[in-house]
Number of protein chains: 2
Amino acid sequence: MKTELEQNRDLSVQIAEAIRDAIMDGGLLVDERLPSEAELCEKFGVSRPTVREALKRLAAQNLIRTQRGASGGAFVNRISFEEAYGQQITTSTLLLSMNEVDFETACEARYALERACVDLSAQRRTADQLATMRAEIHRQAQPGLSDEAFCASDVAFHRALVDGAGNPVLSYQLAGAVEATQPLMNMITFTTRDRNRIVAFHTTIADALDARDSQTADKALEQLADYTSSLAREAMERRHKAT
Amino acid sequence: MKTELEQNRDLSVQIAEAIRDAIMDGGLLVDERLPSEAELCEKFGVSRPTVREALKRLAAQNLIRTQRGASGGAFVNRISFEEAYGQQITTSTLLLSMNEVDFETACEARYALERACVDLSAQRRTADQLATMRAEIHRQAQPGLSDEAFCASDVAFHRALVDGAGNPVLSYQLAGAVEATQPLMNMITFTTRDRNRIVAFHTTIADALDARDSQTADKALEQLADYTSSLAREAMERRHKAT
DNA sequence: TGACAATTGAATGTCTGACAATTAAAAACA
DNA sequence: TGTTTTTAATTGTCAGACATTCAATTGTCA
């Protein structure tokens, strides 16, 4: 069984696509072993390095894993949520940093998505997640915290909020949105007054979730979004004036 | 300048990581040319195939692109929204199909995210996007449409809704969520009655967005989510009974 | 001089063939 | 029977070569 390939495009790309499609169509099941490299060479009529490059492409996407040794080979990988998070974050971060997405747009997206979680989070948040939020709030209130540490804590707070929805698919989707905005947030310098304001919003949100009051939480989140936006605008203006 | 590598782990993996980190730290800027393969061989002290496998890994993540010919080479890629969409969709689809995420969870996530867009979409949707929605509604109402075509049209409708928010970051994040649920939706068999009901919801949503009435649109979306869920539950029960 | 064609060189893409490293299973042995 | 050794299969890496592509250079002619 030979599979035909076009002549113009890179062979390794085509082979990778063929295998990926087979995986996504269900032609290859999880943990199923792919043919050995030698067999793939036969099948596609190319040399081993070419097949290997194709396999590396797939491995980079966590679609397959390889094992050496007897009964080794390439296996269809069950992609884990962890791995998917990582990819999500890498892609989102690059996208935001490279495409001159303005802070406004990124921020709007992030808070819109978070607000999508608030309802569910109010219903389902665990005591543990609430504790995480409170702990982060406490950290944020400590004086002498660096801007970066403050932002990192902010991310942790919001991730707990998102995880509170108890929906791994939501958590996965939002991981990228939340983490990717961090580098942008890091460009802001937070005064003590700013921080106090943000901590107040966070406290309102945590209290509301504690009381399972999604409306109040949503409103606080909206105000926080507006406030963050305005801070960013000021920072941008200062930066603009400086040049 | 030789860069040292560990001995245990795969060399190509380590090289790929080293380059990726350089890109993400800003050590390599967009459109900057990487050293040629020969130079990378020197630098890392490995052979060319190994370097190539590393580069293929990066290419698979859209981190670099390669050009043949004089003044060719590997360049840091400005990742486009299009490419990012593609990755998002691939990852999300696999995640959902491989991790036995139940329809309920996926559906909940998808509609929660969509509802996050409705407000913005009501404010900003263009006439063009409205036209797309109406066109898809029209298609969905046609008799003799296959279940798959119906689902595809459904996806197109919802993508138009999401794009209506006019926020590329939101569109990107949701592309995965919306597209990835399609294979799951395909498992449902839609009766004419089901379809009419869904078309009615879609019409309500389109009308509401037309009138910039986000509340009505949101409510319709919520009902649509519930209805879809119930359809899925029924389908699952039937399937369960059959076995 | 200026425009077009031919040449060249640098780079990636692919191939062949080989050897090393790893690992599970089979074989040998106590 | 239980342990150790051998073996075979498979991926990881290397070396060297040729093919292909493409831009810059060079050459040619009007």
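Just so we're clear, the structure is a prediction, and the values are computed from it rather than from any experiment. A, B, ... follow the sequence lines: proteins, then strands. Residue 1 opens every chain.
In this structure, the separation between CD on B:Glu179 and OG on B:Ser92 is 9.5 Å, given to the nearest 0.5 Å.
In B:Glu32, the CD atom is crowded: over 12 heavy atoms of neighbouring residues, nucleotides or ligands sit closer than 6.0 Å. Annotation for A:Glu17: atom CD counts as buried by contact number, over 12 foreign heavy atoms lying within 6.0 Å.
Taking all atoms of both residues into account, the shortest heavy-atom contact from B:Glu148 to B:Gln182 is O-NE2, 4.1 Å.
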At under 4.0 Å between heavy atoms, which parts of nucleotides 4-14 of chain D does protein reach? Answer with one letter per nucleotide, 5' to 3': B base, S sugar-phosphate only, - none. ----BBBBBBB

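Judged by Watson-Crick or G-U wobble contacts below 3.5 Å, the nucleotide D:dA19 has C:dT12 as its partner. D:dT10: Watson-Crick or G-U partner is C:dA21, with both key distances under 3.5 Å.
Checked by atom type, the side-chain pair B:Gln87/A:Gln61 shows no donor-acceptor distance below 3.5 Å.
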